[in-house]
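A, B, ... follow the sequence lines: proteins, then strands. Residue 1 opens every chain.
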Amino acid sequence: MSAFTNHLTFEFRTGVRNKTLLLMNYLFPLGFYLMMGLVMTKINPAFGETMIPAMVVFAILAATMLGLPDPLVSAREAGIFRSYKINGVPEISILVIPVLTTIFHMVIVAIIITATAPLLFGVPAPVNWAGFTLTFVVMAFTCAGLGVLIGVISASTRITVLWSQLIFLPSMLLGGLMLPYNMLPDGVDKVSQLLPATHAMNAFRAFAFDLGADFNPMGSLIVMLVGGILAFGLAIYLFNWDSKNKTGRGNPVLGLLVILPYIVGIFLL
Amino acid sequence: MNEPAISVNKFRKVYGDYVAVEDISFDVQPREIFGLLGPNGAGKTSTLETLEGLRSPDGGTLRVMGVDPTRESRKLRNLIGVQLQSSCLPDSITVDEAMKFFCAYHAVDARYDLLDRLGLAEKRKAQYHQLSTGQQRRLALALAVAHNPAVLFLDEPTAGLDVATRVELHGLMRELQATGTTIVLATHDMAEAEEMSDRVAILLSGKLAATGAPIDITAQGARLTKVSVRTYNASLAENGISFPAVAQHLHKDDYNIYFSTDIGPTVAAIINHIESQQDMLIDLRVERPSLEDRFLEITTTGGAR
C-alpha cells in the first residue's frame with residue numbers, strides 16, 4: 001500500500017472514529033434531514049419538491065464548513081503538521097486527503113437521503129441523475145475547497161468557527177434551502193449569489209429536477225467550479241506548517257479573493 | 001578526520017529584534033552522540049529546528065550529511081529522524097497505524113518490533129490520546145528511528161519516562177550509535193548528557209559558551225571537589241574551624257560541605273579534626289565536579305570557553 005493510500009485509509013477511519021467528524025459528516029445532516037422531512041413537508045408541502053437537493057446541500061455544508069476546517073487548524077496548532085513535515089508527508093496530501101475522505105462521506109449521506117426521501121416522505125426523486133451527480137460533485141468540490149481554505153487561513157479554532165458560520169448560516173437562510181430564491185426580496189437575492197448554496201440549488205433545480213432555474217444554471221456551475229479551483233489554489237499557496245513559526249507564503253487576507261467569481265457572477269448571471 | 005555529519009557555521013537566527021542564536025559554529029562527527037545543552041531560551045530549539053528543516057536560518061550555513069536543511073528538505077527527510085519535544089499525532093491514530101503511516105512515507109517496512117522493544121506491545125491498538133505522556137514519547141521515539149536515519153535528533157527524550165524505559169532508551173541510543181547513527185541530544189538532564197554524550201555544546205543566550213567532551217568541559221571549571229561530611233557530635237559545626245585548600249564551606253541538612261582545590265590535605269585535616277574532638281564519622285563523600293556543576297558555573301557566571 002502506498003503512503004498516499006495508507007494516509008487516505010487512515011483519514012477515512014478518522015472521519016468515523018472522531019466524534020465531531022462523525023457528528024458533522026453523518027449524524028447532524030441525517031438527523032436534520034429526518035426532522036425536516038417529518039416537520040417541513042407537513043407545514044409546507046412545496047418544500048418537498050426541493051427537499052432532496054436542499055438536504056444534500058445541507059449535508060455538504062455541514063461536512064465541509066463545520067467538519068473540515070477545524071481538524072486542520074487543530075492539527076497545525078498541536079504541532080501535528082510539524083511531525084508530518086519532518087517525516088516527509090507532502091502538504092498536498094495534508095490538504096487533499098481530508099477533502100477526498102469528506103467527499104466520500106458526503107456521497108454516502110447523499111445516497112442515503114436520495115434513496116430514502118421518496119420512500120419516507122413521498123418527495124420527488126431527481127429526474128436527471130447525470131445532472132444531479134454533476135451538480136453534487138461541483139458543489140462538494142467548491143465547498144471542500146472553501147473548507148480547506150478556512151482551515152488554512154484561520155489562526156485558531158475560534159476564528160475557524162467565525163469564518164465557517166459566515167458561510168453556513170447565510171446559506172441556510174438565503175441559499176434556497178428553506179426559502180426559494182424567487183421569494184427573496186430584491187437585492188437580497190443578489191447578495192445570496194455570493195453563496196455556493198444558492199448556485200447549487202439553482203443548478204439542482206435546472207439540471208436534476210427540471211424545475212426551471214432562477215438564473216443561468218450553467219453559469220452557476222461555472223462560478224462554483226472556478227470558486228473551488230481558486231479556493232484550492234489559495235489554500236495551497238497560503239498553507240503554513242507551523243502556527244509558531246510562520247512559513248506561509250502570503251497574508252491570510254488573500255483568502256478573501258475566493259469571493260471574486262461569486263461577485264462576477266452577480267453581474268453576469 | 002571524516003566529513004562531519006553535521007556542520008554549523010556562523011549560524012544566526014533572529015525573531016524580529018530578538019537575536020535567538022548569534023553566529024555559532026560547531027561540527028558533529030559521524031557516530032557521535034552530541035549533547036546540546038543550555039537553559040531555556042538559550043537557542044537550543046532554534047538550532048535544532050533549523051537543522052531539522054523546520055525553520056530557516058537568518059545567517060550562516062548548516063549542513064546535515066552534506067544536505068542544506070532549508071533548500072533540500074526532501075533529501076533531508078530520509079536522512080534524519082526526529083523526536084520533537086512536543087511531538088504530536090492525530091488523537092485517533094492507533095500506535096500500529098502511526099508506525100505504518102510514517103514508515104510508508106519513508107518507504108520502509110513498518111518496524112513493529114520497535115514498539116515491542118519500547119514497551120508498547122500492549123498498546124498497539126490504542127489510540128494516541130489514550131496513551132500516557134511517557135507512552136506517547138516512546139512512540140515518538142520508535143517513529144523517529146524506524147527508518148534507520150543517519151542522524152537522529154532527540155529533544156528531551158527521557159522527559160516523562162520511567163527508569164526502566166529510560167535505561168532501554170539509553171541502550172537503544174548506544175546500539176544506534178554502534179550501527180553508525182549520529183545522535184544530537186538536547187536535554188536539561190545533565191547526568192544524562194554526561195553519561196551519554198561523546199561531546200557537548202553549552203549554549204547561553206544564543207552563543208556557544210563551551211564545547212567539548214564532558215570531562216574536558218568539567219576540567220575547564222574551577223575544579224573544586226565537593227567533600228560532604230556528617231558526624232555524631234557535630235564537631236565540624238563549631239565556628240572558626242578552617243581546613244587547608246577549602247575555597248567554600250556550606251552547612252546543609254546536618255552535612256558540612258567543603259569545596260576543595262586540593263582534596264588530599266583537606267580530607268586529612270577534616271579527619272584529624274574529628275579524631276581530635278573525639279567525634280565519630282557517620283558519612284564522608286567526595287564528589288568530583290560534575291557536568292551539572294560546570295553547567296551551573298557557566299550559566300551563572302555568563303560562561304567562558
Side-chain angles (χ1 to χ4, degrees), chain A residues 1-25 67-68 70-94 96-98 101 105 151 157 239-249, chain B residues 13 15-16 20 45-46 48-56 69-70 73-94 96-110 127-130 136 139-140 143-144 146-147 149 151-153 155:
Chain A
M1 193 184 281
S2 75
F4 185 86
T5 318
N6 190 12
H7 192 163
L8 187 71
T9 311
F10 158 69
E11 198 76 33
F12 179 74
R13 287 195 206 115
T14 299
V16 183
R17 274 185 205 154
N18 181 309
K19 289 188 178 71
T20 308
L21 290 180
L22 183 66
L23 180 74
M24 294 308 170
N25 288 337
L68 193 51
D70 200 55
L72 288 171
V73 179
S74 302
R76 189 178 60 239
E77 283 182 335
I80 293 170
F81 289 171
R82 284 156 61 85
S83 299
Y84 282 2
K85 185 177 186 184
I86 280 169
N87 287 289
V89 180
E91 63 185 67
I92 198 77
S93 296
I94 292 173
V96 167
I97 286 174
T101 55
H105 293 303
T157 47
F239 180 78
N240 194 9
W241 291 95
D242 192 346
S243 58
K244 294 174 192 159
N245 183 33
K246 299 292 177 198
T247 53
R249 286 168 284 247
Chain B
K13 182 71 191 169
Y15 302 101
T45 301
S46 291
L48 275 185
E49 293 194 347
T50 309
L51 284 168
E52 293 158 5
L54 290 173
R55 297 177 194 244
S56 302
T70 311
S73 60
R74 277 178 196 273
K75 271 191 193 173
L76 186 72
R77 296 298 147 229
N78 287 327
L79 291 173
I80 66 167
V82 181
Q83 184 200 25
L84 290 167
Q85 190 178 358
S86 56
S87 69
C88 203
L89 294 173
D91 274 351
S92 60
I93 199 167
T94 67
D96 265 1
E97 282 172 344
M99 179 55 78
K100 198 173 168 188
F101 181 93
F102 286 110
C103 285
Y105 272 108
H106 285 295
V108 296
D109 290 335
Q127 294 180 19
Y128 187 69
H129 69 95
Q130 295 169 326
Q136 289 179 348
L139 174 59
L143 298 176
H147 57 290
V151 178
L152 177 63
F153 293 96
D155 199 351

_Is there a side-chain contact (heavy atoms from CB on, under 4.5 Å) between Asn18(A) and Asp91(B)? Walk through the geometry before answering._
CA-CA 8 Å; Asn18(A) 181 309; Asp91(B) 274 351; over 6 Å; no

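Annotation: salt bridge (Lys or Arg N to Asp or Glu O under 4.0 Å) contacts of Glu77(A) (sequence neighbours excluded): none. Asn25(A) meets the side-chain hydrogen bond (donor to acceptor under 3.5 Å, both in side chains) test with no other residue; sequence neighbours excluded.
In terms of heavy atoms, Cys88(B) sits closest to Ala78(A) at CB-O, 3.2 Å.
Among the candidates Thr94(B), Ile93(B), Val82(B), the residue making the largest number of heavy-atom pairs closer than 4.5 Å to chain A is Ile93(B).
When ring centroids are compared, Phe101(B) and Tyr84(A) come within the 6.0 Å threshold.
Counting heavy atoms from C-beta on, the side chains of Ser83(A) and Leu84(B) come closer than 4.5 Å. Between Lys100(B) and Phe10(A), the closest side-chain pair of non-hydrogen atoms is not below 4.5 Å. Residues Leu54(B) and Ile86(A) meet the side-chain proximity criterion, which asks for heavy atoms closer than 4.5 Å.
With respect to the salt-bridge test (charged N to carboxylate O, under 4.0 angstrom), the residues Glu49(B) and Lys85(A) do not qualify. Between Glu97(B) and Arg13(A) there is a salt bridge, since at least one side-chain N of the basic residue sits less than 4.0 Å from a carboxylate O of the acidic one.
At least one donor-acceptor pair closer than 3.5 Å links the side chain of Arg17(A) to the backbone N or O of Ser92(B).
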